[in-house]
Amino acid sequence: MSYLRRWLLGTLVVLLVATACSSAGDGESAGPSERSEEALPSGTPPASRSVEPTPQGQQKPNIVLFLTDDQTLEEMAVMPQTRRLIGDRGVTFTRAFAQYPLCCPMRATLMTGQLPHNHGVLGNEPPWGGYSAFDASSTMPQWLQEAGYRTGIVGKWFNGYPVEGDVTHIDPGWDDWYVPVWQPYNYRRFNVNENGTVRRHRQYQTDWQADQMSELVGRYAAEDVPFFLYGSFLAPHVGTPREPDDPPQQKTPNVADEYRGRFGKPLPDKPNRPERDLSDKNEWWFQQRLSKRFTTAGMTAAYQQRRESLLSVDDAVAQVVQRLREEGELDDTLLVFTSDNGYLLGEHGQRNQKIFGYEDSIRVPLLVAGPGIPAGEERDQPVSLVDLPATFLRRAGAEPGLRQDGLDLQRVVDDPAYAADRRLLLEAGGWPKPDIDRMYTGIRTADGRVLLRYWNDHVETYDLAEDPHQLDGTTSRAEEAWREDLLAELDELETCAGARACNPGVGE
């Protein structure tokens with residue numbers, strides 16, 4: 001039985017007993033308060049353990065976050081169980097973005113509620129990023145713990161974790177820590193720091209994650225406390241071991257045996273895959289692509305195997321949701337499915353790449369279901385991964401220890417007009433040169449206008465209504481006015497802090 005049902009039942013019994021006692025009037029006293037405790041059904045928590053309402057007047061929900069690695073928006077097509085169990089039961093955000101489309105910066109955003117230029121993780125490796133740049137002293141799991149939550153993570157943490165010689169280290173804020181160490185990108189042979197003990201596993205990593213998350217759901221349900229469970233999947237990121245049919249010089253994910261070869265479709269044609277004329281793009285960066293030869297066979301294999309690896313994630317989501325249902329927790333659980341960034345599979349001449357501020361890279365899936373979320377609806381306001389911590393904290397009645405840059409998605413759900421004109425900062429930084437702060441900053445507007453300004457003052461502008469594949473980044477006469485407006489706004493936005501400053505166009 002879920003903690004919410006137990007609380008309601010216990011409260012009802014206490015009220016009935018209190019009513020009976022008061023109705024005794026001038027007759028015999030009802031006796032000491034212990035009689036109310038005796039009247040509680042077996043297993044019901046006493047009144048002192050009742051769950052306090054959140055500021056919205058709702059009980060604190062469990063929160064389960066499913067995160068994939070490098071998944072594109074298009075790849076949701078191969079995950080019917082996830083779409084049914086979360087999307088059909090809740091809201092699908094059709095325009096969700098990773099504002100810095102790279103692993104570590106966005107994962108730090110998910111743990112802090114801050115944009116990368118504020119939390120300081122500006123890449124995947126030192127000196128700009130990775131685990132060594134992440135400040136774990138004040139993060140969302142700690143704030144949730146302070147609000148009465150149990151917290152657990154299963155899966156990938158940050159590139160560079162753990163630091164050498166400290167493989168049993170656990171960051172503050174986590175009651176349960178199941179994080180791979182050494183060879184975290186090996187799908188079949190991996191070692192895990194399990195609450196301070198390193199254990200070796202020899203099974204498909206996604207299946208192990210599903211089993212471990214399900215076990216934690218059962219444990220937390222028995223403890224009758226709200227919980228935050230973070231499942232961080234490796235798929236569809238490239239990984240080992242290589243398979244016999246993998247093309248040379250092309251990295252792919254490893255696929256579970258039951259799904260290998262499931263997709264035989266050719267790589268779909270797209271006007272920007274590969275984009276032949278790159279004269280409008282940043283000259284320095286796109287010279288680097290010449291060392292990475294685009295081959296249709298290689299991209300096709302990656303396209304197919306990425307989708308096949310996601311079938312196991314789809315099964316994992318279904319397994320965890322089923323365990324929540326069996327434990328009586330599903331109706332009290334906020335379910336969230338998303339990815340840390342998109343991916344370029346040949347678009348704009350890039351293979352095995354993200355980081356760029358192009359649509360295929362910054363767009364991510366985002367599905368949310370649970371208490372207070374209507375079923376089977378869509379919202380098209382621009383939203384971001386930075387909004388998830390603000391949403392979780394608000395629903396949990398938790399106080400953040402850092403200034404939050406995101407919005408509460410509940411407002412987006414409740415009011416389709418809210419944030420409809422929102423403009424999002426795009427940024428990527430600390431790379432490719434050691435003496436620059438950020439590779440680029442940019443703005444993505446709600447009406448599909450994109451401006452990217454690189455460290456070398458190269459500027460690209462796109463009107464997605466006219467150029468949906470972002471083939472021509474040169475500024476046309478029609479774009480000149482809004483180009484200057486966005487450049488002026490970018491000067492302020494690229495150093496913003498706080499939800500109001502970082503989300504122009506939202507209003508009050």
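Counting from 1, the numbers follow the sequence of the chain as shown. Given the structure is predicted, the values throughout are model-derived calculations rather than measurements.
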Self-check item: Closest approach of A147 to A396 (non-hydrogen atoms, all atoms of both residues)
Solution: CB-O, 4.0 Å

Self-check item: Residue pair Q305 / T252, side-chain donor-acceptor N/O under 3.5 Å
Solution: yes

Practice problem: Return yes if some donor-acceptor pair links the side-chain N/O of R323 with the main-chain N/O of L216 below 3.5 Å, else return no. | Solution: no

Exercise. Taking E75 for its side chain and G342 for its backbone only, find out whether a donor-acceptor pair lies under 3.5 Å.
Key: no

Quiz item: Only one of Y131, W177, Y161 clears side-chain hydrogen bond (donor to acceptor under 3.5 Å, both in side chains) with D171; which?
Solution: Y131

Quiz item: Do W208 and F190 make the cut of ring centroids closer than 6.0 angstrom?
Solution: yes

Quiz item: Going through the checks in order, is the side chain to side chain contact (heavy atoms under 4.5 Å, CB included) test met by L388 and T338?
Solution: CA-CA 10 Å; L388 291 178; T338 190; 4.1 Å; yes

Self-check item: Pair D246 + K251: basic N to acidic O under 4.0 Å
Solution: no

Quiz item: Where the side chain of D387 meets the backbone of L407, is there a donor-acceptor pair that is under 3.5 Å apart?
Solution: yes

Practice problem: Check whether the side chains of E329 and N62 place a donor and an acceptor atom closer than 3.5 Å, and report yes or no. | Solution: yes

Quiz item: Within the distance-only criterion (no hydrogens, no angle test), does the side chain of R273 pair as donor or acceptor with the backbone N or O of P268 below 3.5 angstrom?
Solution: yes

Practice problem: Looking only at non-hydrogen atoms, find the nearest pair between S339 and Q71 and report the distance. | Solution: OG-N, 2.9 Å

Quiz item: Could you go step by step and tell me if S312 and Y204 meet the side chain to side chain contact (heavy atoms under 4.5 Å, CB included) rule?
Solution: CA-CA 9 Å; S312 296; Y204 195 65; 3.5 Å; yes

Quiz item: Is R363 paired with E74 through a side-chain N to carboxylate O contact shorter than 4.0 Å?
Solution: no

Quiz item: Do other residues, nucleotides or ligands put more than 12 heavy atoms under 6.0 Å from the CZ atom of R403?
Solution: no

Exercise. Using a strict cut-off of less than 4.0 Å between a Lys/Arg side-chain nitrogen and an Asp/Glu carboxylate oxygen, indicate whether D69 and R306 qualify as a salt bridge.
Key: no

Quiz prompt | Nearest heavy atoms of P101 and Y440, plus distance in Å | solution = CD-OH, 3.8 Å

Quiz item: For the atom pair CD1 (I362) and CZ (R444), what is the distance rounded to the nearest 0.5 Å?
Solution: 6.0 Å

Quiz prompt | Centroid-centroid under 6.0 Å between W174 and Y149 rings | solution = no

Quiz item: Do E308 and Q304 get their side chains close enough for a donor-acceptor pair, meaning under 3.5 Å?
Solution: no

Practice problem: Determine, step by step, whether N195 and D176 satisfy the side chain to side chain contact (heavy atoms under 4.5 Å, CB included) criterion, reporting the C-alpha distance in whole Å, the side-chain angles of both residues, the deciding distance to 0.1 Å, and the verdict. | Solution: CA-CA 6 Å; N195 289 334; D176 288 291; 3.1 Å; yes

Quiz item: Under a 4.0 Å N-O cut-off, is there an ion pair linking D340 with K156?
Solution: no

Quiz item: Among side-chain atoms of T139 and Q142, is any donor-acceptor pair under 3.5 angstrom?
Solution: yes

Quiz item: Do R219 and E223 meet the salt-bridge criterion of a basic N to acidic O distance under 4.0 Å?
Solution: no

Exercise. Flag the pair Y358 / N272 as yes when at least one side-chain heavy-atom distance between them is below 4.5 Å, and no otherwise.
Key: no

Quiz prompt | Pair Q319-D211, side chain to side chain contact (heavy atoms under 4.5 Å, CB included): steps then yes or no | solution = CA-CA 8 Å; Q319 179 177 327; D211 292 342; 2.9 Å; yes

Quiz item: Are the side chain of H119 and the backbone of P105 linked by a donor-acceptor contact shorter than 3.5 Å?
Solution: yes

Quiz item: So, for N193 and V167, which heavy atoms are closest and what is the spacing to 0.1 Å?
Solution: ND2-O, 3.2 Å

Quiz item: Taking R150 for the side chain and D175 for the main chain, is one N or O donor matched with an acceptor at less than 3.5 Å?
Solution: no

Quiz item: Just by distance, do the side chain of Y100 and the backbone of L122 share a donor-acceptor pair under 3.5 Å?
Solution: yes

Practice problem: Flag the pair Y418 / V413 as yes when at least one side-chain heavy-atom distance between them is below 4.5 Å, and no otherwise. | Solution: no

Quiz item: Under the criterion side-chain contact (heavy atoms from CB on, under 4.5 Å), which of Q470, E347, K281, H469 is the partner of E275?
Solution: K281

Quiz item: Just wondering, do R84 and R89 contact through their side chains at under 4.5 Å, heavy atoms?
Solution: no

Practice problem: Please tell me if the side chains of V383 and V412 come closer than 4.5 Å, counting only heavy atoms from C-beta onward. | Solution: yes

Quiz item: Is a salt bridge present between R411 and D408, judged by a nitrogen-to-oxygen distance below 4.0 Å?
Solution: no

Quiz item: So, S384 side chain and V386 main chain: donor-acceptor pair closer than 3.5 Å or not?
Solution: yes

Exercise. Taking atom CZ of R202 as the centre, report whether more than 12 heavy atoms of other residues, nucleotides or ligands fall under 6.0 Å from it.
Key: yes

Self-check item: Minimal non-hydrogen separation, A98 against L385, with atom names
Solution: CB-CD1, 4.2 Å

Quiz prompt | Separation of F66 CZ from Q209 CD (nearest 0.5 Å) | solution = 11.0 Å

Self-check item: Separation between CD of Q81 and CD1 of I86, rounded to the nearest 0.5 Å
Solution: 11.0 Å

Quiz item: Is it the case that T82 and D314 place a side-chain donor and acceptor less than 3.5 Å from each other?
Solution: yes

Quiz item: Can you tell me how far CE of M213 sits from CG of L229, rounded to the nearest 0.5 angstrom?
Solution: 4.0 Å

Quiz item: Between the side chains of Q410 and D414, does any donor sit under 3.5 Å from an acceptor?
Solution: yes

Self-check item: Distance-minimising heavy-atom pair for N124 and C103
Solution: OD1-CB, 3.8 Å

Quiz item: Does S309 use its side chain to pair, donor to acceptor, with the backbone of P253 at less than 3.5 Å?
Solution: no

Quiz item: Out of curiosity, D360 CG to L73 CG, how far, rounded to the nearest 0.5 Å?
Solution: 9.5 Å

Practice problem: Please say which of R189, Q212, R188, E194 ends up in a side-chain hydrogen bond (donor to acceptor under 3.5 Å, both in side chains) with H201. | Solution: E194

Quiz item: Quick one: are H117 and L425 in side-chain contact, heavy atoms under 4.5 Å?
Solution: yes

Quiz item: Is the Y230 ring parallel, tilted or perpendicular to the W157 ring (thresholds 30°, 60°)?
Solution: perpendicular

Quiz item: Just how far is it from atom OH of Y343 to atom CD of Q353, taken to the nearest 0.5 Å?
Solution: 7.5 Å

Exercise. Would you indicate whether the side-chain heavy atoms of V321 and L335 approach each other to under 4.5 Å?
Key: yes

Exercise. Compute whether any side-chain donor of one residue and acceptor of the other, for Q205 and N186, lie under 3.5 angstrom apart.
Key: no

Quiz item: Looking at side-chain heavy atoms only, is the closest gap between N254 and T240 below 4.5 Å?
Solution: no

Quiz item: Should L464 and V450 count as side-chain neighbours, where that means a heavy-atom distance under 4.5 Å?
Solution: yes

Self-check item: Side chain R379, main chain F93, donor-acceptor under 3.5 Å
Solution: no

Practice problem: Would you kindly say whether T441 and E427 are connected by a side-chain donor-acceptor distance under 3.5 Å? | Solution: no

